[in-house]
Amino acid sequence: MSLEKVSSNKAFDGELIKYKFKSAALGGLYANFNLFLPPNAQNGKVPLLVYLSGLTCTEDNAAQKGHFLGPAAKEGIALLFPDTSPRGAGIEGEDDDWEFGTGAGFYLNATNPKYSKHYNMLTHVTVELPQVIETAGLPIDFSRQSIFGHSMGGHGALTIYLNSIIQGTKKYRSVSAFSPIANPTKCRWGEKAFNGYLQGGVEEAKAQYDATELIQNVKSPVHILIDYGTADNFYKQGLLLPENFLKAARDSGYDEVQVRVRSQDGYDHSYYFISTFGADHIHFHANFLKA
C-alpha cells in the first residue's frame, strides 16, 4: 500500500498533492486521493478535515472548486479528498447509470457478492486512507479529525460521524454537509444504491446508512452543521429531505447549538453554492479541531 505521488501544486503557501496506491479495500484497484497540507504542516502534525464528494465526482472536484484551501491554510488544517467509488472494477452494469456504480459508491461496504469485493468505500475512507497516510509518515494528527461532504458525500459524512459516536470510537469531532441525502432510505437515490449494493436492501441500510435513522440512536452530544439551497432541484424532487433529519434530531432532544440546519435562499446544488459557504464550514470545524 505504498503511496505514489502523482502531482503537486503550491496553493495558499501550502501544498495540494495527488497520490495513488493499490487499495486492498477496493479489491486491489488503484485509488487516487488529494491531500492539502497547510503551511504549518512543515513544523509538525496538523488536524485533518475529510471531504466526501457527491455523485459523478472524483477526488478533484472539491479540491479545485470548493473554496476550501485558503480558509484551511489560515486555520492550519489539512484536507483529505478521496474518490467517490472504485474505478475499473469491470462489473457488468457499473457504468450504465450515473446514480449507481462508478462515481456513486455511497460510502458503504457492499454485502451483495456482485459488488462486495470492490465497493467498500466505508473501509477505504475510515480505515485504509488513514493507515496509508500514517504509514507514509505524512504530518497528520489523526486524533484530531472531522468530516464533511456534499450530496452523496454529505450522506457519507453524516452516517460515518454518527456511527462513530454510536460505536463509541468518536473518531470525528464534528460533521457538516452541503445538500446531503439526509434520509436515503426514503428517496430514489438511496433506494437504488442500497438495493444494489446491499443483500438486505433498504432494510439493511436503515441501521447503518441513514442519518435520519441514526440520529435517533445517538445519546451523546453532537456537533452538526447542514446547509442546503432552496433552489436546489434535487431538494425540490425530494431526494435530500433535510427536514426529516432536522425533525428526528429535534425529537431526539438536539437543539440549534448541536444540530444546525440552514436553508439558503435561492442557492442550487452546484459548487457555486458550496464555494459560497465553504469558509463557513472550515471555520465551524476549526472550533473543534483546534480546541
Side-chain angles (χ1 to χ4, degrees), residues 1-7 17-35 48 50-64 66 79-136 147-160 163 171 180-181 184 188-202 204-205 208-210:
M1 292 198 300
S2 60
L3 290 180
E4 177 184 338
K5 183 184 285 191
V6 177
S7 64
I17 313 161
K18 183 191 288 286
Y19 291 103
K20 78 172 184 177
F21 71 102
K22 187 173 282 191
S23 166
L26 305 184
L29 299 173
Y30 277 97
N32 293 336
F33 66 89
N34 282 309
L35 181 68
L48 179 69
V50 181
Y51 180 88
L52 304 181
S53 283
L55 291 162
T56 75
C57 290
T58 70
E59 69 280 359
D60 291 331
N61 297 71
Q64 295 173 355
L79 297 170
L80 172 61
F81 303 94
D83 202 349
T84 54
S85 76
R87 303 275 169 179
I91 301 169
E92 183 185 358
E94 72 174 344
D95 296 323
D96 293 350
D97 185 345
W98 68 274
E99 298 178 345
F100 184 84
T102 302
F106 264 81
Y107 305 104
L108 49 72
N109 287 339
T111 54
N112 178 346
K114 182 176 179 180
Y115 300 100
S116 60
K117 179 180 178 181
H118 299 101
Y119 280 79
N120 298 300
M121 289 301 293
L122 175 60
T123 294
H124 177 66
V125 167
T126 62
V127 178
E128 187 173 51
L129 285 177
Q131 285 177 348
V132 299
I133 289 169
E134 199 155 47
T135 299
I147 191 166
F148 67 149
H150 169 234
S151 194
M152 175 184 72
H155 142 76
L158 287 167
T159 55
I160 287 169
N163 275 312
K171 187 182 291 187
I181 307 171
R188 184 189 78 237
W189 277 344
E191 290 168 357
K192 181 182 291 187
F194 299 146
N195 287 330
Y197 294 129
L198 303 178
Q199 274 193 305
V202 168
E204 182 180 341
Q208 192 174 3
Y209 300 122
D210 189 320

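No experiment lies behind these values; they were computed from the predicted model shown. Numbering of residues begins at 1 and proceeds along the displayed sequence.
Atom CG in L3 sits 8.5 Å away from atom OG1 in T135 (nearest 0.5 Å). Distance check: L26 CG to E128 CD gives 6.0 Å after rounding to the nearest 0.5 Å. In this structure, I181 CD1 and T159 OG1 are separated by 10.5 Å, a value rounded to the nearest 0.5 Å. Summarising the geometry, atom OH belonging to Y19 is positioned 10.5 Å from atom CG belonging to N34; distances are rounded to the nearest 0.5 Å. How far SG of C57 is from CZ of F81: 12.0 Å, rounded to the nearest 0.5 Å. Atom NE2 of residue H124 and atom CG of residue L129 lie 4.0 Å apart, to the nearest 0.5 angstrom.
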- Query: How far apart are the C-alpha atoms of Y119 and S85, what are their side-chain angles, what is the distance that settles it, and do they pass the side-chain contact (heavy atoms from CB on, under 4.5 Å) test?
  - Reply: CA-CA 7 Å; Y119 280 79; S85 76; 4.3 Å; yes

- Query: Yes or no on side-chain contact (heavy atoms from CB on, under 4.5 Å) for N163 and Q208, after CA distance, side-chain angles and deciding distance?
  - Reply: CA-CA 7 Å; N163 275 312; Q208 192 174 3; 3.7 Å; yes

- Item | Derivation of the side-chain contact (heavy atoms from CB on, under 4.5 Å) call for E99 and R188 | CA-CA 10 Å; E99 298 178 345; R188 184 189 78 237; 2.6 Å; yes

- Query: side-chain contact (heavy atoms from CB on, under 4.5 Å) between N61 and H150: does it pass, once the steps are laid out?
  - Reply: CA-CA 11 Å; N61 297 71; H150 169 234; over 6 Å; no

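At a threshold of 4.5 Å between non-hydrogen side-chain atoms, the residues S23 and L29 do not count as touching. Residues Y209 and L122 are in side-chain contact: their nearest non-hydrogen atoms beyond the backbone lie under 4.5 Å apart. Using a 4.5 Å heavy-atom threshold, the side chains of Y197 and N112 count as separate. Using a 4.5 Å heavy-atom cutoff, the side chains of L80 and V125 are not in contact. At a threshold of 4.5 Å between non-hydrogen side-chain atoms, the residues M121 and L52 do not count as touching.
Looking only at distances, no side-chain donor or acceptor of T84 sits under 3.5 Å from a matching main-chain atom of L55. With hydrogens and angles disregarded, a donor-acceptor distance shorter than 3.5 Å links the side chain of N120 to the backbone of A25. Side chain of E204 to backbone of L198: no donor-acceptor contact under 3.5 angstrom is found.
Taking the six-membered ring for Trp, F100 and Y115 have ring centres closer than 6.0 Å.
In terms of heavy atoms, A110 sits closest to S116 at O-CB, 3.3 Å. Here the shortest heavy-atom pairing between T58 and D83 reads CA-OD1, 3.3 Å. In terms of heavy atoms, S151 sits closest to W189 at OG-CZ3, 3.9 Å. Closest heavy-atom contact between L158 and P180: CD1-CB, 3.9 Å. Pairing each heavy atom of P86 with each of H118, the nearest pair is CG-O, 3.5 Å. Contact record, F33 with P82: CB-CA, 4.1 Å, taken as the closest heavy-atom pair.
For K117, the NZ atom counts as loosely surrounded, since its 6.0 Å shell holds 12 or fewer non-hydrogen atoms of other residues, nucleotides or ligands.
Residues Y30 and E4 have side chains that never bring a donor and an acceptor to within less than 3.5 angstrom of each other.
Taking the six-membered ring for Trp and thresholds of 30 and 60 degrees, F194 and F106 have ring planes more than 60 degrees apart, a perpendicular arrangement.
Each of K20, Q64, K18 was checked for a side chain to side chain donor-acceptor pair (under 3.5 Å) with E59, and the lone residue meeting it is K18.
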